[in-house]
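Note on naming: letters A, B, ... go to the chains in the order of the sequence lines (proteins, then strands), and numbering restarts at 1 for each one.
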Amino acid sequence: MDFLQGLNPQQQDAVSHVDGPLLILAGAGSGKTRVITHRIAHLVRSHRVPGPAVLAVTFTNKAADEMRERVAKLLGDPSPGSRPMLSTFHSFCVRLLRRDGSPLASLRPGFTPAFTIYDEDEQLALVKSIYRNVGLDEKFMQYRAAISRISHAKNHQQTPADFYRQSTDPKTSKLAVVFEQYESRLRQANALDFDDLLLEAVRLLHHDQTTRDLYNRRFEHLMIDEYQDTNRSQYQLMQLLTVRHQNVCVVGDEDQSIYGWRGADIRNILDFEKDYPKARVIRLEQNYRSTKNILESAGAVVAHNLERKGKTLWTEAHSGAKIGLYEAPDAENEALFIADSIERLLAQDPADRVAVLYRTNFQSRQIEEALRRYGRKYLVVGGFSFYQRAEVKDLLAYLKAVASPQDSINLLRIVNTPARGIGKTTVEAVERYALERSLPIWEASGQMMGEKALGARAEAALGAFRALMERLRAEAEGKSVDAVLRAILNESGYRRMLETDPSPEAESRLENINELLNAAAEAAERGEGITEFLDHAALVADADGLDEHAAVSLLTLHNAKGLEFPVVFVAGLEEGLFPHSRSLNAESMLEEERRLCYVGMTRARKRLFLTWARARRRFGGGDLEPSVASRFLKEVPARLTENLSPESRGRQVDLAAERWEVREAAKRNTFTGKTYNSLENIAQFFAERGVAAPRPPAPAPIEPPAPAAPKPVAAPAAAKKTRGCAAGAAVRHPRYGRGTVLRREGEGDDLKLTISFPGYGLKKLIAKFAGIQAEE
DNA sequence: TGATTCTACGGTCTC
DNA sequence: CGTAGAATCA
């Protein structure tokens with residue numbers, strides 16, 4: 001097969017470049033992924049480079065998976081041993097440290113390749129605990145701010161001592177203490193945070209020549225995707241992996257650099273030619289994705305930036321529709337406009353996929369509400385993911401504590417969950433003891449037991465807990481992940497805690513736990529052990545959860561990187577929101593916001609809408625605060641746009657959702673769930689069980705407007721059956737038997753009843769599905 | 001000690 | 001509005 005076929009001359013150039021450094025400046029939609037995958041196939045097939053000697057690194061698992069698939073197809077499904085290696089930076093480093101990381105022990109005391117990965121929650125717990133120990137509280141500095149400053153320092157190769165020396169104010173000096181504690185507690189727990197994964201891999205390759213040689217021999221070619229978003233350690237990693245051959249090909253677009261706040265250094269791409277004077281530079285400037293209007297608008301916006309190499313994208317596509325602009329009176333109306341437009345567009349073209357992009361996650365809520373009013377299914381990418389749920393994290397904490405006795409943070413998380421009589425005072429005493437002797441909590445509690453340093457009650461409770469953990473550790477030997485999890489669930493009392501919990505959430509928590517058990521069983525079938533399972537849980541990203549087939553996706557602009565959609569809405573284009581208020585002071589930050597805007601706009605293939613609201617509430621119950629149109633809106637050339645705002649059209653906005661009957665339907669339709677893919681969303685919960693969700697009437701065609709005459713909604717059938725269920729009424733449930741209604745919420749199909757069942761406690765049920773009967 | 005209620009406060013983006 | 005931590009009561 002000829003891997004150059006069907007490529008334009010620049011793409012062919014890039015694919016056929018084999019030896020030495022190569023920089024591909026690939027504009028949005030210029031066939032970047034195609035070039036990378038074809039180049040890999042070309043190296044393997046035409047130049048006989050062994051598959052495993054090619055390493056390609058991306059930022060998300062999703063991108064890596066997609067490329068892996070495409071490469072496999074090009075190569076005709078190679079055997080596992082001959083596949084090129086496609087990976088994210090983080091998982092590559094984890095694998096390196098687990099497989100070949102032992103020598104790091106001489107650089108990082110206590111390190112073993114069985115290290116634990118600490119995610120954000122664990123970092124947070126750690127910092128909280130340090131604050132307590134050194135007598136600080138959040139008034140000193142917010143936990144997250146402290147974490148981010150520590151992370152920044154680490155990424156700039158500062159030790160706590162450096163940090164302390166360079167501090168100029170007392171606040172920073174104090175923070176240095178937190179930093180020092182943070183590092184030593186990580187080491188004590190043999191834990192690495194996300195930054196460490198990269199930093200320690202770099203340190204190992206830097207100081208250990210054997211490992212460096214090994215990896216330089218192993219990989220003959222290195223490719224890096226999204227190079228504009230690499231940070232310093234990723235840059236060093238690149239250099240260390242290519243000292244021998246310099247066969248490095250980086251692909252990026254400085255106009256799409258949007259992770260400066262995370263340490264991405266745009267100079268990496270701007271200065272690539274300085275770092276590698278012999279580098280070839282190839283520009284891909286033909287766009288294959290968007291219409292001319294979309295491309296030109298986005299280009300006009302980003303042209304306001306100074307810090308760029310400058311390039312002009314062009315396309316053979318037709319002009320297409322104009323960019324739709326919508327100025328809403330308030331955020332609710334903006335959301336309704338979006339939902340309404342989506343209905344119309346999907347009515348025309350049901351196969352199209354739509355993305356609604358926003359700057360901050362909280363904006364999704366209102367848009368979700370509007371979409372629900374229309375009965376439109378949607379998928380929220382990001383927000384609260386499965387692995388962040390408390391019950392899932394609890395079980396993973398057990399798993400980590402079982403696997404790694406010195407992991408104090410996870411041990412503390414579960415020591416009294418479920419409640420087993422180890423209260424605050426006991427925990428504090430153990431923490432103090434541990435701190436004074438710099439011992440892990442596990443050791444400290446063991447010693448305290450021996451010294452009879454605790455009261456009888458606390459000692460009994462703690463002893464029982466220690467016995468539990470020891471038993472679990474013994475049982476875990478040689479068992480599969482799911483078996484270990486099941487043992488934890490049963491023996492710790494966690495399952496019983498949820499089963500006896502009368503609150504309605506407990507049920508969905510059990511569901512989540514079952515899902516976790518399934519995931520564990522699947523992992524075990526693939527041959528994964530406990531560590532691999534935990535690694536996987538730590539390294540999944542929100543964007544990885546995107547379902548390509550969902551008709552409507554809601555996601556942040558950051559999560560939209562690398563994706564494309566026929567129809568795109570960018571919402572909330574207001575000064576202070578987008579560009580975000582925190583970036584208004586510095587020009588460089590403002591440019592990053594502008595690039596973000598560029599990224600969002602260039603996701604669109606056919607239609608692009610930009611919306612903003614003249615007023616918006618910051619808090620749920622707060623006031624409507626006025627806002628000003630984003631400067632980015634003014635940077636879009638007027639001749640390319642079409643104003644869709646009600647005023648400019650000389651008539652009142654006719655949103656179906658503002659009509660009476662849709663509002664009524666919406667009232668009955670207020671779910672409590674946050675995301676479509678969450679079990680909290682009742683509609684989806686039942687849809688998966690083959691029960692149709694209650695749907696508001698489909699919106700009428702645009703013209704002529706449907707009469708808005710209020711007419712009573714017929715009482716749904718289910719309501720009749722439950723008519724007698726007023727508060728205080730006696731009812732019967734097929735499973736729980738007799739109960740008393742305490743509370744009514746909603747009406748019709750969505751009538752929810754809170755019922756007290758003797759022996760089962762309180763249950764919140766949806767009358768329609770629960771099969772409740774009024775008791776005579 | 002543990003469960004429940006009360007109150008104060010606050011929100012970029014993410015591997 | 002949602003959450004975290006404090007205060008309160010059993």
Does A:S151 offer a backbone N or O that forms a donor-acceptor pair with the side chain of A:N155 under 3.5 Å? yes
B:dC13 phosphate, OP1 or OP2: any side-chain N/O from A:N361 under 4.0 angstrom? yes
May I have the distance from A:Q388 (atom CD) to B:dT14 (atom P), rounded to whole angstrom? 10 Å
N/O (side chain, A:R618) to phosphate O (OP1/OP2, C:dC1) under 4.0 Å: no
Could you state the CZ-C1' distance from A:F362 to C:dT3, rounded to the nearest angstrom? 17 Å
Indicate yes or no: does A:E138 engage A:K128 in a salt bridge with an N to O separation below 4.0 Å. no
5'-most contact on DNA chain B: A:S583 or A:Q123, nearest heavy atom basis? A:S583
Quick test: give all pairs of protein nitrogen or oxygen and nucleotides 5-10 of chain C nitrogen or oxygen below 3.5 Å, distance rounded to 0.1 Å.
unit_1, atom_1, unit_2, atom_2, d
C:dG5, OP1, A:K128, NZ, 3.4

Does A:K154 come within less than 4.0 Å of A:E183, counting only side-chain N to carboxylate O? yes
Is NZ or CZ of A:K561 both nearer than 6.0 Å to the six-membered ring centre of A:F59 and within 45° of the ring axis? yes
What residues in residues 190-199 of chain A put a non-hydrogen atom under 4.0 Å from any atom of DNA chain B? A:F194
Rounded to whole Å, please give me the gap between CD in A:E592 and C1' in B:dT14. 12 Å
Is A:T360 near enough to B:dG11 that one of its side-chain N or O atoms lies under 4.0 angstrom from OP1 or OP2? no
I want to check one thing: is the phosphate of B:dC9, taken as OP1 and OP2, less than 4.0 Å away from some side-chain N or O of A:Q142? no
A:I147 has an atom CD1; how far is it from atom P of B:dC13, in whole Å? 15 Å
Can you name the nearest heavy-atom pair linking A:A571 to A:I367, along with the distance? CB-CD1, 4.4 Å
Candidate nucleotides B:dC15, B:dA3, C:dG2, ranked by approach to the side chain of A:H90 - the nearest: B:dC15
Length of the CZ-P vector between A:R582 and B:dG10, whole Å: 12 Å
Do any of residues 229-241 of chain A sit with a heavy atom less than 4.0 Å from DNA chain B, and if so which? none
Grab the two heavy atoms, one from A:Q234 and one from A:T230, that are nearest each other, plus how far apart they are. OE1-CA, 3.1 Å
With rounding to the nearest 0.5 Å, note down the distance linking CD in A:E591 to OG in A:S257. 10.5 Å
Between A:D225 and A:K32 (salt bridge meaning N to carboxylate O under 4.0 Å), is one present in this structure? yes
What is the distance, to the nearest angstrom, from the CG atom on A:L557 to the C1' atom on B:dT14? 14 Å
Could you tell me whether A:K393 and A:D121 make a salt bridge, using a distance below 4.0 angstrom between a side-chain N and a carboxylate O? yes
At 4.0 Å (heavy atoms only), tell me whether A:T88 reaches a base, stays on the sugar-phosphate, or touches nothing. nothing
Whole angstrom is fine here: how far is it from CH2 in A:W261 over to C1' in B:dG11? 15 Å
Within the structure shown, what part of the strands sits under 4.0 Å from A:F59 by heavy-atom distance: base, sugar-phosphate, or nothing? sugar-phosphate
With no hydrogens and no angle check, just 3.5 Å: does a side-chain donor-acceptor pair link A:Y598 and A:N305? no
Euclidean distance, atom CG of residue A:L563 to atom P of B:dT14 [Å, nearest integer]: 13 Å
How many angstroms lie between CZ in A:R68 and OG1 in A:T58, if you round to the nearest 0.5 Å? 8.5 Å
Looking at every strand, decide which applies to A:R420 at a 4.0 Å heavy-atom threshold: base, sugar-phosphate, or nothing. sugar-phosphate
Would you call the rings of A:H558 and A:Y259 parallel, tilted or perpendicular, taking 30° and 60° as the class edges? tilted
